[in-house]
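Below: the structure, in structure tokens.
In this text, all values refer to a predicted model and were calculated from it rather than measured experimentally. In what follows, chains carry the letters A, B, and so on, assigned in the order in which the sequence lines appear, proteins first and then strands, with residues in each chain numbered from 1.
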Amino acid sequence: MDNHQIARALEEIATLLELTDENAFKVRAYHNAARIVESLRGDIGELIERDELVKMKGIGRALADHIAEIGRTGKLAEYEKMRASVPPDVIQMLLIPGVGPKKVRYLWKKCGIKSIGELELLCQRHMLAGEPGFGAKTEEKILAGIGMLRRFSGSHRLDEALSAALDVHKGMRRWPEVIRSEIGGSIRRRKEVIHDVDILVATEKPEKVMERFVAMPQVQQVIQHGGTKSEVMLKSGIQCDLRAVSEEQYPFALHYFTGSKEHNVDMRGRAKSKGYKLNEYGLFKGAAKKSARCEDEAALFRMLGLDFIPPELRENMGETEAAAKHALPKLLETRDLRGVPHVHSNYTDGEGTIAEMADVARSLGYKYIVLADHSQAVRIAGGMKPADVRRQHKEIDALNRKLKGFRVIKGVEVDILADGTLDFDDKILSSFEFVIAAIHSHFGQPEDEMTQRIIRGISNPFVNVLAHPTGRLLLAREPYAVDLRLVIDAAVKQGVALEINSHPQRLDLDWRWCKYAKDKGARMIIDPDAHSADEIQYVEFGVWVARKGWLEKGDILNCLDADQLLARVNRRK
DNA sequence: GCCGTTTTCGGCCCGACTGTTTTCAGTCG
């Protein structure tokens, strides 16, 4: 079993333990272990063999043994019986907003309800009110929750959540009661998938702000409406939470509501060990009623002996330890990028002409683009035949003669065919200055076949970059089965860079792999895979991925000028 | 279940909101 499968098994056990009313801290230990295993890069089999899991923080003797058993046998004997005793649809009920393990357990054990459908029926017939802890309002809330669950998946891509958040936030900033405000939560941490929008305001009149918030035109339904905290469902289908604090409390609250939860737990533990109590309202020494003063988040980190931790890093992946040792990376910034690789034109499935794409990139301050239209096999995108390539290269030459201080590099996104050969022969490939290789077909191959296919594809000496290494489409298509570890190792060996495809639908390479790739000596490029001129700005999303992955300027090839970039990649041939 | 520069036992982050409650449990983040 691989890391992901083991993590899922641990999550499942944690959920089962919740339903059986097990010690909450034990439940947390399993959730925590699942997260650790999920973010582990490298071969968990080796760690199991060498019995090194137990050395990791959060995994003790018992969990290490359990993980080993799951890794070897695919299951955990101790929990098989429990799993068999809980009907799978009972677990589904936990997905209903407002329904947690305690309620599910009661409904299942005392009322015999085994599925969301049964629960819905009983609520509609008002047969639940009267049970201890359940009333008419609870029935309404459960029905609303079921409706919400059916209408909305509850997961949204970062670009969609961000634009919904900005829309609400823009309106809010005009209110006279709002002193300052910010979008926090996983959007501020730039996670690729978002569950809800968190907004924080500093104000002296929280009730007034809450009234305005729940009455906003973007609001579809009010879920909660309190004096300092409210939750609504937006018409866009995204849940939006608002918290209000005072000006003095704001930096503490901003840190708290940015998360992640795991980062916060770590920070609070750190505060506690230094004799403080940390919450969203302040940092309190001993039993003090009055908080230490911090004008911003940086001051809060300083109080705890830490360097400022950028929001993207706050995932409890070693950032506080690094901050304590003044060893945080100097993260990549968008202005470090000099050029834009991987843009498409109307030669294939792009909307813009080559000149239009170049113009927009130039107006954004970039020095070059790498045009990379599809090769012939990608019929649906109108892939280029050799004659199209020759025509395109003439057009680029003519354009480059006219452009001053900007360059269009002749590139291609060539398909890796099912057997690992490339869609153009070496003669045509040699006519390009920059070759990006990609998978666009036969996604269903078994893992070892896919892995070998990709490795064979990138071993062609004309290939410079492997595009979107897993092929995932967020919330739409799973990654294809591939051993990314072997692929990254092969890319490093071959001197092939890995793409951080910045299209918000892909964000592939995933940030969780960036650190592994970097440690192995890989280089990355950040590109928008732009199919129209306005998509060039997607590179920002790729920069966020790189930042989440602890990457610095020196890790990214398109922080180089065009000449340096080409000199660098041409060393292969 | 984990963990230890106060601890190998007894802690484990902390608070808002809601609904069903006369003081609190459940849920959520």
Using only heavy-atom distances, determine whether the side chains of Ser181(A) and His169(A) contain a donor-acceptor pair under 3.5 Å.
-> yes

Quick one: do Leu331(A) and Leu313(A) satisfy side chain to side chain contact (heavy atoms under 4.5 Å, CB included)? Show the steps, please.
-> CA-CA 10 Å; Leu331(A) 295 183; Leu313(A) 294 186; 4.0 Å; yes

Please give the nucleotide sitting opposite dT8(B) as a Watson-Crick or G-U wobble pair, both distances under 3.5 Å, or none.
-> none

Give one of base, sugar-phosphate or nothing for Gly259(A), where a contact means two heavy atoms less than 4.0 Å apart.
-> nothing

Syn within 90° of 0, anti beyond: dT22(B) is anti

Hey, does the Lys NZ or Arg CZ of Arg314(A) hover above the aromatic six-ring of Phe308(A), less than 6.0 Å from the centre and inside 45° of the axis?
-> yes

Would you classify Ser230(A) as touching base, sugar-phosphate or nothing, given that sugar-phosphate means primed atoms plus P, OP1 and OP2, and contacts are heavy atoms under 4.0 Å?
-> nothing

Touch check for Met210(A), heavy atoms < 4.0 angstrom, all strands: base, sugar-phosphate only, or nothing?
-> nothing

Identified side-chain contact (heavy atoms from CB on, under 4.5 Å) partner of Leu40(A) from the options His4(A), Arg35(A), Met56(A) | Met56(A)

Between dG1(B) and dT8(B), how far apart are the C1' atoms? Round to whole Å, please.
-> 15 Å

Determine the contact category for Phe25(A): base if any of its heavy atoms lies under 4.0 Å from a base atom, sugar-phosphate if only primed atoms, P, OP1 or OP2 are that close, otherwise nothing.
-> base

Which value, in whole Å, describes the distance between the C1' atoms of nucleotides dT20(B) and dC24(B)?
-> 9 Å

Using distance alone, with no hydrogens and no angle criterion, decide if Asn501(A) and Tyr538(A) have a side-chain donor and acceptor under 3.5 Å apart.
-> no

Rounded interatomic separation in angstrom, taking CG from Asn279(A) and P from dG15(B) | 5 Å

Would you kindly say whether His66(A) and Tyr30(A) are connected by a side-chain donor-acceptor distance under 3.5 Å?
-> yes

Between dC13(B) and Asn264(A), is there an OP1 or OP2 to side-chain N/O distance shorter than 4.0 Å?
-> no

Hey, is the side chain of Ser273(A) poking within less than 4.0 Å of OP1 or OP2 on dT5(B), counting only N and O atoms?
-> no

Among Lys191(A), Arg547(A), Arg188(A), whose salt bridge (Lys or Arg N to Asp or Glu O under 4.0 Å) with Glu312(A) holds?
-> Arg547(A)

Rounded off to whole Å, could you give me the CG-to-C1' distance for the Asp266(A) and dC14(B) pair?
-> 15 Å

Provide, to the nearest angstrom, the distance between the CG atom belonging to Leu53(A) and the P atom belonging to dC3(B).
-> 12 Å

Asp65(A) CG to dC2(B) P, straight-line distance once rounded to whole Å | 9 Å

Can you check whether Tyr79(A) has a side-chain N or O nearer than 4.0 Å to OP1 or OP2 of dG1(B)?
-> yes

Between dT21(B) and dG26(B), how far apart are the C1' atoms? Round to whole Å, please.
-> 12 Å

Rounded distance in Å between the P positions of dC2(B) and dC13(B) = 15 Å

State whether Lys57(A) places a side-chain N or O below 4.0 Å from either non-bridging phosphate oxygen (OP1 or OP2) of dG4(B).
-> no

How far, in whole Å, is dT7(B) from dC12(B) if one measures between their C1' atoms?
-> 13 Å

Rounding to a whole Å, what distance do you find between His263(A):NE2 and dC14(B):P?
-> 15 Å

Taking atom C1' of dG1(B) as reference, at what distance in whole Å does atom CG of Leu76(A) sit?
-> 13 Å

Do Tyr79(A) and Glu12(A) have a side chain donor and acceptor closer than 3.5 Å?
-> no

Calculate the interatomic distance between Glu262(A) atom CD and dC2(B) atom P; express it in whole Å.
-> 17 Å

Whole-Å P distance, dG11(B) and dA16(B) = 24 Å

Do the side-chain N and O atoms of Thr334(A) and Glu540(A) include a donor-acceptor pair separated by under 3.5 angstrom?
-> yes

Of the nucleotides dC13(B), dA16(B), dG1(B), which has the atom closest to the Val265(A) side chain?
-> dC13(B)

Of the listed nucleotides dC14(B), dC17(B), dC13(B), the one nearest the side chain of Lys277(A) = dC14(B)

List the protein contact pattern of nucleotides 18-29 of chain B with one symbol per nucleotide (5' to 3'): B for base contact, S for sugar-phosphate-only contact, - for none; contact means a heavy-atom distance under 4.0 Å.
-> SSSS----SSSB

Nearest whole angstrom, please: distance from the C1' of dC14(B) to the CZ of Arg243(A).
-> 11 Å

Select base, sugar-phosphate, or nothing to describe what Arg28(A) touches, counting heavy atoms under 4.0 Å on all strands.
-> base

Which part of the nucleic acid, if any, lies within contact of Ile59(A), taking any heavy atom under 4.0 Å across all strands shown: a base, the sugar-phosphate backbone alone, or nothing?
-> sugar-phosphate

